[in-house]
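Here the structure is laid out as structure tokens; the discussion comes afterwards.
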Amino acid sequence: MEKVQNYINGELIDPVGGAWLDNDEPATGQVFAQVPQSDKRDLDLAVAAAEKAFETWSTVPIAERVRTLNRLADLCDQHAEQLVELESKDNGKPRWLARAVDIPRVGANLRFFTSLAETWSTEAFAMHDGFNLTLRQPIGVVATISPWNLPLYLFSWKVAPALAVGNCVIGKPSEVTPMTAHYFSKLCIEAGLPPGVLNVLHGDGASIGDAITEHEGIKVVSFTGGTATGRKIAAKVAPTFKKYSLELGGKNPNVIFADCDYENMMETTLRSSFANQGQICLCGSRIYVEEGLYDRFRDDFVGRAAKLKVGDPNEDDTKLGAVVSRQHHEKILNCLEIAKSEGGKILCGGGAASVNGRCEKGYFIQPTVIEGLPLNCQTNQTEIFGPVVTIEKFKTMDEVADLANGTPYGLSASVWTSDLETGHRLAAKIQSGVVWINCWLVRDLRTPFGGMKESGLGREGGLDSFRFFTETKNVCVKY
Ligand code: TXE
């Protein structure tokens, strides 16, 4: 049985309270690791270590921070294959996907934010009789809380900018996928990251999550996860006036006009529907197709979706691996029952998938396409976070804009058309933080990323991350 440990003050240690959680492999349903169920006592140790480390880390020359973090990025690249294996085993995603997407982004996140930190400048405002200099200073001890769908990718997306601008961090990965953050802790030691600069605490939301959001010593909370959890966190941090950002769920529309580049749209729409088993907050789960193209799209899309191989994440031709946990598997199956009871016509999929051999007890779901559901039903209003999409036809841009905007969410949208004017007109109307035209999940790390409405608060990426993880101070000089 593998044992995950907390990383506090530069050392890997067991939780003070001696409590552990089981961690299973979603593809087999077998428990393979024990995870610390940390609590306030572990957090107190971590915050004390981070406060001490902050005195130095926040004041060393930027070049020194950059050297250390780039050394860590190099180690992540050198250990990529071990990280790929752990991420796939822990999360259920195909290994090839972890190799192509998740793990390369860890080193890339670190290097992106170190290079941005080196060139970052702040503003100056000249007056006729003096000037203002706006300083952006590291805040102190900050916390990051990250989810299980892109475990180390999102963990490093938050930790890298926080560290690059001089904060010290308490990082809490999801208790459902702790393995790569644990491995990352070992690489931090090897990279020579000074003790206390990053502390990694494992455990669930009720135990260590709540302790983090309530702790007086933590000044900032950066969260990615479900909308219900985000709501709780916002309420928890309010009394201590912590700065916070929330990147939450989505129910993203994918709008397809008849004049689109069909093959590119079809191939990308299959990915945006089913990649990572539909467990990406950016997946397009409501597909709206212009009337004239609808029948052709439906038949082709359903035909191709039904052929996607659901299988062992270790096999290279597997397109969908396991969903992340037994609990999440049950949630998705329950959503499918609701869709049926709401009158949805299941065009393909609609239930659990069975995979033989070592995976026969794993948590697999068939790629599912549903037709004939109105906007205002539960299936079209709530995030399922699985390989499940609904399809519907539309006639006009105004109609599809209303459909696109008709949920409480506002994270991302895709628009497919060869008429850029149509694309831009619709993009301007859509209430979401990100709109992709003729593409999906194309990420430039300099751009602002985040959601509107119940999809979140604040933006991450590029200088938005730096502004979030620093305190702004204006210094005014009068001649
Ligand atoms: O996520 P949680 P869950 C959505 C998706 C999914 C639903 C629930 O729809 O079905 O959320 O998933 C920590 N204080 N997304 O319950 O709970 C938790 O330990 C502080 C979308 O697994 O939001 C983990 O580290 N922290 C999403 C992190 O929050 C708390 C990705 C996320 O878990 C806490 C994941 C608390 N009270 C799920 N409770 C996306 N936006 O990509 C939990 N946590």
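Each ring pair (Phe, Tyr, Trp, His ring centres under 6.0 Å) pair with one or both residues in residues 388-418, not counting sequence neighbours, appears once here: F257-F394. The stretch residues 431-442 participates, sequence neighbours left out, in these side chain to side chain donor-acceptor pair (under 3.5 Å) pairs: Q431-K453.
Legend: residues meeting side-chain hydrogen bond (donor to acceptor under 3.5 Å, both in side chains) with H328, ordered by chain and number and at least two apart, are absent. Not counting sequence neighbours, the partners of E337 by the salt bridge (charged side-chain N to carboxylate O under 4.0 Å, His left out) test are K340. In this structure D77 satisfies the salt bridge (charged side-chain N to carboxylate O under 4.0 Å, His left out) test together with R111, sequence neighbours excluded. Taking R446 as the reference, D444 meet the side-chain hydrogen bond (donor to acceptor under 3.5 Å, both in side chains) condition, with sequence neighbours excluded. Under the ring pair (Phe, Tyr, Trp, His ring centres under 6.0 Å) criterion, W96 pairs with no residue at all, not counting sequence neighbours. Applying the side-chain contact (heavy atoms from CB on, under 4.5 Å) rule to A108 yields the partners R105; only residues at least two apart in sequence or on another chain are considered. R298 meets the salt bridge (charged side-chain N to carboxylate O under 4.0 Å, His left out) test with D295, E371; sequence neighbours excluded. Every side-chain contact (heavy atoms from CB on, under 4.5 Å) that P374 has, sequence neighbours left out, goes to C377. Judged as a side-chain contact (heavy atoms from CB on, under 4.5 Å), and not counting sequence neighbours, K307 has no contacts. Qualifying side-chain contact (heavy atoms from CB on, under 4.5 Å) partners for S465, counting only residues two or more places apart in sequence or in other chains: F113, P161, E460.
Heavy-atom contacts from other residues, nucleotides or ligands closer than 6.0 Å to NZ of K331 number more than 12. Heavy-atom contacts from other residues, nucleotides or ligands closer than 6.0 Å to CZ of R443 number more than 12.
Both tests do not hold together for R296 against F301: distance to the six-membered ring centre under 6.0 Å, angle to the ring axis within 45°.
If you look at W148 and F385, their ring centroids are closer than 6.0 Å.
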(message) Apply side chain to side chain contact (heavy atoms under 4.5 Å, CB included) to residues K158 and T224 and explain how you reach the verdict.
(response) CA-CA 9 Å; K158 293 177 180 300; T224 297; 2.8 Å; yes
